[in-house]
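Numbering of residues begins at 1 and proceeds along the displayed sequence. For ligands, and for the atoms within them, numbers begin at 1 and follow the listed sequence.
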Amino acid sequence: MKAGDCNAMEKTFGIRIVILGSFITGISLFHYLTPLHVAYLHDIFQRLYYLPIILAALWFGLRGGLLCSVIVSLVYAPHILFQWGGHFGMEAEKYLEIILYNTVGGVTGLLSQRERERTVELQKSKGVLEASYEKLRAQSDRIIAIEEQLRNSERLSTMGEFAAVLAHEIRNPLGSIRGTAEILKDDYGPDDPKHEFIEIQIRETERLNRVVEDFLHMVRPQPSEMQPCAVQEELETIVTLLGGEAARRQVELVLQTQPNPVVISADGEKLRQAFLNIVLNALQATPPGGRVTISAVADVKGACKISFRDTGSGIKAEELGRIYEPFFTTKSDGTGLGLAISRKIIESHKGKLEVESTPGTGTTVIISLPKQESVNGEMA
Ligand SMILES: Nc1ncnc2c1ncn2[C@@H]1O[C@H](COP(=O)(O)OP(=O)(O)OP(=O)(O)O)[C@@H](O)[C@H]1O
Ligand SMILES: [Mg+2]
């Protein structure tokens, strides 16, 4: 219980005691000061004692009710004894009233105490029910998320059935188109106005070929070749590969150094593919003068955490939930497969890929890969 609640309770307790004390004192004064011949007033005052007794029983339970009725009895008894002594009938009636005070104090106190205990029990059950409800809700959220994943994989496996056929059907004519475009390119030199169209044709066939390849990769994942893989070295390769692209975009590409390089068991080629997609996205989203920072650390639990932070445009809240969907893209020349493939690769390594983004400030992609062995054989 908080100190504030304690103070408030003490204050209420004090006020109630003062109220009861005032009632008992007031009623007793009326008794002692009112002449005996106005008997009807004494009858009224006598009944007024029930007020503090019932209040005490309601506020403080059995003990409070009884204590109050005993105090009332003690205060009232001398009045009966010394002022009503000799009036036998009246005296007996008033002693009987004292018995009733104590009965009412006890019974009302007992009932109110039981009521209070039931309320406490109900409060407890309410707490337990609320906790179970929270647990159920969390479980149902998890079930919904798993169902969504299942639906996604079902969709992907159906797509996989068609992918091979489709890829075959597309790739062959694509090869012919590309071949004929190359022949035409020889006939139309750079000075010819048609040269540019042929360039476009070649570029677009290349893009189409890449889409088919990416799609195939995603729906027909090759079995992973798990081998010791130095994460820092893979990241260095990516930085070297994309250094030119970063310079062309005037974006600073920084790989933070790691004193204890982490080696994990992974398919290096696939990890590289995922890293490449993510860094490319970061470079594409970052305006000239911006920066893309990559760092890999082993976190407290020993998991390898790789973060890719950019100072780019960020992702709108309404788009953040869709970026992993195959073919979701906001780019005119994007295929929308980069992140879908990357996430699949990381999940096939039992890892997690998360994206945090603030529009206008930048995006951070965080990859967590489970605890693995470090270079010198210790647990990283
Ligand atoms: N670092 C980032 N900053 C801002 N937006 C991003 C970032 N990374 C991803 N996105 C958003 O997520 C979308 C999906 O990314 P994804 O890599 O899957 O496809 P893409 O880059 O559009 O196409 P591609 O298949 O050529 O990679 C992007 O179109 C972009 O809107
Ligand atoms: Mg991309």
Indicate whether any N or O donor in one side chain lies under 3.5 Å from an N or O acceptor in the other, for Tyr188 and Glu199.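 Looking only at side-chain atoms, Glu199 and Tyr188 do not form any donor-acceptor pair under 3.5 Å.
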Side chains of Ser295 and Ser307: is there a donor and an acceptor less than 3.5 Å apart?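 Yes - a donor-acceptor pair under 3.5 Å links their side chains.
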Residues around ligand 1, heavy atom under 4.0 Å from any ligand atom, sorted by chain and number. Can you pull those?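 For ligand 1, the contacting residues are Asn281, Ala282, Ala285, Asp310, Gly314, Ile315, Ile323, Phe328, Thr329, Thr330, Lys331, Gly334, Thr335, Gly336, Leu337, Gly338, Leu339, Thr363.
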Phe30 atom CZ, neighbour heavy-atom count above 12 within 6.0 Å: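 Open.
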Please tabulate, for side-chain N and O atoms in residues 54-75, each donor-acceptor pair with protein atoms closer than 3.5 Å (sequence neighbours left out).
from, atom 1, to, atom 2, distance (Å)
Ser69, OG, Gly65, O, 3.3
Ser69, OG, Leu66, O, 2.8
Ser69, OG, Asn102, OD1, 2.9
Ser73, OG, Ser69, O, 2.5
Ser73, OG, Asn102, ND2, 3.2

Ignoring hydrogens, what is the shortest heavy-atom contact between His79 and Tyr32? Give both atom names and the distance.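 It is N-OH, 3.2 Å.
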Please report the shortest heavy-atom distance between Val251 and Pro287, naming the atom on each side.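 So the two residues come closest at CG2-O, 3.8 Å.
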Scan residues 122-141 for pairs that pass side chain to side chain donor-acceptor pair (under 3.5 Å), counting only residues two or more places apart or in two chains.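 Those involving residues 122-141 do not exist here.
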Any non-hydrogen side-chain atom of Leu235 less than 4.5 Å from a side-chain atom of Phe308?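 Leu235 vs Phe308: side chains touch.
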Ignoring water, what protein N, O or S atoms are under 2.8 Å from the Mg ion (ligand 2)?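 Asn281 OD1, with waters left out.
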Ile315 pairs by side chain to side chain contact (heavy atoms under 4.5 Å, CB included) with which of Val355, Thr330, Asn281?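 Result: among Val355, Thr330, Asn281, Val355 is the only option passing the side chain to side chain contact (heavy atoms under 4.5 Å, CB included) with Ile315.
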